[in-house]
Amino acid sequence: MDDKSMLAIAREEAILGRDEGGVPIGAALFTADGELLGRGHNRRVQDDDPSMHAETAAFRAAGRRPHYRDTVMVTTLSPCWYCSGLVRQFGIGRVVIGEAETFHGGHDWLAEHGVAISVLGDPACVALMREFIAARPELWFEDIGKD
């Protein structure tokens, strides 16, 4: 499965999150050869849980493995520091990012620490976040931890 196909699954999750009234960020965890292990979306609002980011949801849905070096985290938006920490903590080897225009998270730091990073600049991901930020700025700032 190529990067765009994997991103399409994460984008489906982001749309689910938006349609549930939450933050439209989606993620999926794959093996290096494209097998889907887990998928999820930001559920901070829906679950009243500030730690339920999209990458966290996908990671939890994937379940336990002996290691994660051979996995690819695909996310619609550059991962925040919390989710970047998850990637480093569990040694996820590669991250595919839909877009980093609306939010530039920790992907440069991940790259500096040996994680392969691919930023796709996907217009649909950019549009999804721009629309959300314009409609719900207070929720967006809460999500990224800014006043």
Query - Side-chain heavy-atom pair His41, Gln46 within 4.5 angstrom cut-off - result: yes
Query raised in the report: Under the side chain to side chain contact (heavy atoms under 4.5 Å, CB included) test, which residues partner Glu142, sequence neighbours left out?
Result: Arg44, Leu139
**Report entry** Test item: Glu99 side-chain N/O and Glu101 main-chain N/O as donor-acceptor pair under 3.5 Å
**Finding:** yes
Requested in this report: Spell out, as yes or no, whether a donor-acceptor pair under 3.5 Å connects the side chain of Thr75 to the backbone of Pro79.
Outcome: no
Query - Nearest-0.5 Å distance, CZ of residue Arg43 to CG of residue Leu16 - result: 9.5 Å
**Report entry** Minimum-distance pair of heavy atoms, taken over all atoms of Ser84 and Gly106
**Finding:** OG-CA, 3.4 Å
Query raised in the report: Can we say Arg94 and Asp70 salt-bridge, meaning some charged N sits less than 4.0 Å from an Asp/Glu carboxylate O?
Result: no
Requested in this report: Measure the CE-CG distance between Met6 and Asp3 for me, rounded to the nearest 0.5 Å.
Outcome: 4.5 Å
Query raised in the report: Within the side chain of Ser78, is there an N or O that forms a donor-acceptor pair under 3.5 Å with the backbone of Gly105?
Result: yes
Requested in this report: Check whether any side-chain heavy atom of Met129 sits under 4.5 Å from a side-chain heavy atom of Leu77, and report yes or no.
Outcome: yes
Query raised in the report: Are Val119 and Val115 in one and the same hydrophobic cluster, where Ile, Leu, Val, Met, Phe, Trp and Tyr link if side-chain heavy atoms are under 4.5 Å apart?
Result: yes
Report task. Taking Thr56 for its side chain and Met52 for its backbone only, find out whether a donor-acceptor pair lies under 3.5 Å. Result -> no
Query - Donor-acceptor pair, side chain of Tyr82 and main chain of Ser51, under 3.5 angstrom - result: yes
Query raised in the report: Is the number of heavy atoms from other residues, nucleotides or ligands within 6.0 Å of CG (Asp48) greater than 12?
Result: no
Requested in this report: Hey, can you tell me if Phe59 and Phe90 have their rings parallel, tilted or perpendicular (30° and 60° cut-offs)?
Outcome: tilted
Query raised in the report: Are side-chain heavy atoms of Ser5 and Asp2 found at a separation under 4.5 Å?
Result: yes
**Report entry** Inter-residue atom distance Thr76.OG1 - Glu12.CD, 0.5 Å rounding
**Finding:** 12.0 Å
Query raised in the report: How far apart are the C-alpha atoms of Ile25 and Phe132, what are their side-chain angles, what is the distance that settles it, and do they pass the side chain to side chain contact (heavy atoms under 4.5 Å, CB included) test?
Result: CA-CA 10 Å; Ile25 303 170; Phe132 170 74; over 6 Å; no
Query raised in the report: Considering only heavy atoms from C-beta outward, does the side chain of Arg11 approach that of Cys125 to under 4.5 Å?
Result: yes
Report task. Starting at CZ of Arg65, measure out to OG1 of Thr71 and round the result to the nearest 0.5 Å. Result -> 6.5 Å
Requested in this report: Could you check if a side-chain atom of Thr102 sits within less than 4.5 angstrom of a side-chain atom of Arg130, using non-hydrogen atoms only?
Outcome: yes
Report task. Report yes if some heavy atom in the side chain of Val74 is under 4.5 Å from a heavy atom in the side chain of Ile9; otherwise report no. Result -> no
Report task. Establish whether Leu36 and Tyr68 are linked, either directly or via other cluster members, by ILVMFWY side-chain heavy-atom contacts under 4.5 Å. Result -> no
Query raised in the report: Going from CE on Met73 to CD1 on Ile92, what distance comes out if it is rounded to the nearest 0.5 angstrom?
Result: 4.0 Å
Query - Electrostatic pair Asp122-Lys4, nearest N-O below 4.0 angstrom - result: no
**Report entry** Straight-line distance of Trp109 CH2 to Ile117 CD1, nearest 0.5 Å
**Finding:** 10.5 Å
**Report entry** Side-chain ion pair, Arg136 and Glu138, N-O less than 4.0 Å
**Finding:** yes
Requested in this report: Measure across Phe103 and Ile144 and return the closest heavy-atom pair with its distance rounded to 0.1 Å.
Outcome: CE1-CG2, 3.7 Å
Report task. Test side chain to side chain contact (heavy atoms under 4.5 Å, CB included) on Thr31 and Val72 and set out the steps. Result -> CA-CA 6 Å; Thr31 63; Val72 180; over 6 Å; no
Report task. Go through the steps for Val95 and His107 under the test side chain to side chain contact (heavy atoms under 4.5 Å, CB included), then give the verdict. Result -> CA-CA 8 Å; Val95 178; His107 68 268; 6.0 Å; no
